[in-house]
Enquirer: 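I'd like to ask you about the structure that follows.
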Amino acid sequence: MPTPDPSRRFHPASAPDYVPADQLRGLQLERLQRIVRRAYDRVPLFRTRCQERQVSPADLKSLEDLARFPFTLKTDLRDTYPFGLFASPMDEIVRLHASSGTTGKPTVVAYTQGDLDVWTQVMVRSFASCGLHRGDVVQNAYGYGLFTGGLGAHYGAEALGATVIPISGGNTDRQIMVLQDFAVTAICCTPSYFLHLVERAKEMGSDFSRLRAGIFGAEPWSEAMRRRIEADTGVKAYDIYGLSEIIGPGVGVECFAQSGLHVFEDHFYPEVIDPVSGEVLPDGAEGELVLTTLSKDAMPMIRYRTRDVTSLIPEPCACGRTIRRIRRIGRRSDDMFIIRGVNVFPSQVETALLAVEGTLPHYQIVLSREKGLDEMEVKVEVTPEVFSDQIRALEALQHKLEQSLDHTLGIRARVTLVGPRTIQRSEGKAKRVIDQRQI
Amino acid sequence: MKLTQLSLFLENRPGALRLPCQVLGLAGIDILSMSLADTQQFGILRIVVKDPDRARKVLEESGCVVKATDVLAVEVPDRAGGLADMLGAFEGSGLSIEYIYPLAAGHRGKTAVLVLRVEEPERAAKLLQARQVRVLTREQAFEAVGA
């Protein structure tokens, strides 16, 4: 049965992707004025910060005026944990999600039913942008739970009319069985996990020739990795971007042109700033992505600093969409790293190590990719306090440290004990993260 | 009754063992006996020297992590079944032996001396003596290796 080029098939939900630019700017301003007013009236932290800067919602007469308003930081979510930035009463909030924070406490995000509808809509548009449609069989291998990836992709794919397999993450052999037996045509997961699946499938002699699209996100990955995935599997690999503070996956996504990610800027207004001065940079200049939610009621985010480094691409895209694109994210402007879809700050690793008795100020995090899967190794310098003449005591220490890391970060890391003063210090400060992943 | 053993942390990489040995050599400290325990990731070098305090000092100054542990030097008859007889002292005691390595064997002809690491050295020494096993003093142990 011949199928038409799916990437060209138009989905009605995608109409806002093609709105003329001047019309879009008008809509953005209207929504921006409403949401800034809402945050000002209902979120004390935001109001106080505005007052300190002597700026009020009435000053917002153009999109450029947004630059006068204060930023929101990830630490603001932590400092107001759990519900301090909510702008809706709890009886209007129908869903909470959470992501890892800097001190072991998660950062909590909230959704009204209307917010969830927006999320579903942008996910439908995301899948449509990747050429998916009714009739596709979507294996959703993002984790279901507090992480936004699982449920975000789930509801979007269902609303698109695809057949959703809510398999969640993990259990690789079962993933491969389902991929093959259920004639899966599209998969959602992290790109590193997909590479792992491919390698395991080769070992098992499995074939999933029906699979034609992968919607990969939740961690940075490179063009080289895309080429490898596409050459090895024949699967077209799309990059999807999102973060829970803004909504989850579906903030931006690639189209068939695979040349930058379209930001659904009718709902998420992008700015790129100089991470040091905070000044807004012109289109095309590289800096830190700052996002403002234009239509999220439960938890409006005004000028949220993502720490992701990118630039806005103003030129029109080959696909005809008028919403702007951002370049693929390659790095961050802080020391956070993402491993297996989980955000990790070195300070969290430190907290976990220090939670184990008698330890251990000197450590180094080494990130690598083995068989397509991200691995995290934490090297810990042995001190006289924790050293023992018995192998099993040292192995028990290693195990305790690994458990503490697992407990704090929610991911498994390998702890290696190393000799004292073997971890390289630069400028008196240890270099905490060595990222050896070829992405 | 007890002997001081020094343990050193070693990374599992080429050259890791040589450094502490060189340090001791330069300080003129002879290693009377040693055992090397290894895992996939790291190793522990355990040594017996005549002057453990000085050895510890020079090792720590060179950046090693060192731990001092009390061990027993135990004489066993150098014949078939000799070790089994000695171990009989612990039967029913609940004491478990962490590890054993030889301090001196063979050259005295009739007996061997072993380094014994147990959780409760005092109690272990009493059990051994009750079975007529000779637990050596520091001086006797050093003499056994001709030091």
Side-chain angles (χ1 to χ4, degrees), chain A residues 349 353-354 356-368 370-371 375-406 412-426 428 430-431 434 436, chain B residues 2-21 23 33-49 52 55-57 59-72 95-101 115-121:
Chain A
V349 172
L353 296 178
L354 291 171
V356 175
E357 216 176 325
T359 52
L360 288 161
H362 288 297
Y363 64 92
Q364 190 169 54
I365 300 156
V366 181
L367 306 175
S368 59
E370 286 164 26
K371 290 187 177 174
E375 295 290 341
M376 176 171 155
E377 178 190 10
V378 181
K379 293 184 171 178
V380 178
E381 282 188 8
V382 168
T383 59
E385 293 75 46
V386 299
F387 179 55
S388 162
D389 64 310
Q390 296 170 359
I391 294 280
R392 66 184 158 92
L394 289 184
E395 285 181 339
L397 172 69
Q398 258 179 329
H399 183 65
K400 262 202 277 202
L401 292 169
E402 282 170 354
Q403 273 190 324
S404 182
L405 286 166
D406 192 358
R412 235 179 265 168
R414 187 173 73 241
V415 168
T416 307
L417 301 176
V418 298
R421 286 184 286 276
T422 55
I423 290 171
Q424 181 199 338
R425 272 70 152 170
S426 55
K431 186 163 167 40
I434 309 263
Q436 298 173 334
Chain B
K2 285 175 292 191
L3 212 57
T4 302
Q5 166 198 269
L6 297 181
S7 307
L8 283 83
F9 178 83
L10 298 179
E11 282 184 41
N12 202 350
R13 57 170 172 77
L17 178 58
R18 186 153 185 242
L19 173 85
C21 297
V23 168
S33 181
M34 56 153 288
S35 116
L36 189 56
D38 69 298
T39 71
Q40 235 178 350
Q41 285 191 353
F42 59 86
I44 301 174
L45 173 67
R46 298 148 183 159
I47 56 172
V48 177
V49 296
R56 180 177 190 157
K57 191 161 164 285
L59 287 167
E60 283 179 344
E61 278 167 4
S62 75
C64 297
V65 174
V66 183
K67 189 183 170 77
T69 318
D70 287 337
V71 292
L72 300 176
L95 266 183
S96 72
I97 293 164
E98 301 295 339
Y99 49 83
I100 299 182
Y101 56 96
V115 174
L116 212 68
R117 165 75 163 102
V118 284
E119 212 50 88
E120 298 170 61

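Chain naming here is simple, since letters A, B, ... match the order of the sequence lines and numbering starts at 1 in each. No hydrogens, no waters, no symmetry mates; every other heavy atom, side chains included, goes into these values.
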Enquirer: Distance check, rounded to the nearest 0.5 Å: A:Leu417 atom CG versus A:Leu394 atom CG?
Expert: 6.0 Å
Enquirer: Measure distances from B:Leu8 to the heavy atoms of chain A and classify the residue's part below 4.5 Å as side chain, backbone, both or neither.
Expert: backbone
Enquirer: Can you check whether chain B and chain A share any donor-acceptor pairs under 3.5 Å, and give the atom names and distances if they do?
Expert:
residue: A:Asp389; atom: O; partner: B:Arg46; partner atom: NE; Å: 3.1
residue: A:Asp389; atom: O; partner: B:Arg46; partner atom: NH2; Å: 2.8
residue: A:Asp389; atom: OD1; partner: B:Arg117; partner atom: NH2; Å: 3.1
residue: A:Asp389; atom: OD2; partner: B:Tyr99; partner atom: OH; Å: 2.4
residue: A:Asp389; atom: OD2; partner: B:Arg117; partner atom: NE; Å: 2.6
residue: A:Arg392; atom: NE; partner: B:Glu98; partner atom: OE1; Å: 3.4
residue: A:Arg392; atom: NH2; partner: B:Glu98; partner atom: OE1; Å: 2.6
residue: A:Arg392; atom: NH2; partner: B:Glu98; partner atom: OE2; Å: 2.6
residue: A:Gln398; atom: NE2; partner: B:Gln41; partner atom: OE1; Å: 2.2
residue: A:Gly419; atom: N; partner: B:Glu11; partner atom: OE2; Å: 2.7
residue: A:Thr422; atom: OG1; partner: B:Glu11; partner atom: OE2; Å: 3.3

Enquirer: Run through A:Ile365, A:Val415, A:Val366 and flag the one making a side-chain contact (heavy atoms from CB on, under 4.5 Å) with A:Met376.
Expert: A:Ile365
Enquirer: What closest approach, in Å, do A:Val382 and A:Pro420 show between heavy atoms, and which atom pair accounts for it?
Expert: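 Heavy atoms only, the tightest pair is O-CB, 3.9 Å.
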Enquirer: Heavy atoms only, distances under 4.5 angstrom: which of B:Ala16, B:Gly43, B:Gly63, B:Cys64 has the most pairs with chain A? Name it, please.
Expert: B:Gly63
Enquirer: Is any side-chain heavy atom of B:Phe42 closer than 4.5 Å to a side-chain heavy atom of A:Val418?
Expert: no
Enquirer: Under a 4.5 Å cut-off applied to non-hydrogen side-chain atoms, are B:Leu36 and B:Leu10 in contact?
Expert: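 Yes; the side chains approach each other to less than 4.5 Å.
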Enquirer: Non-hydrogen atoms of chain A under 4.5 Å away: do they reach the side chain of B:Phe9, the backbone, both or neither?
Expert: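 For B:Phe9, backbone and side chain are both near chain A.
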Enquirer: With heavy-atom distances below 4.5 Å as the criterion, would you say the side chains of B:Ile97 and B:Leu95 are in contact?
Expert: no
Enquirer: Calculate, to the nearest 0.5 Å, the distance between atoms CD1 and CD1 belonging to A:Ile391 and B:Ile44 respectively.
Expert: 4.0 Å
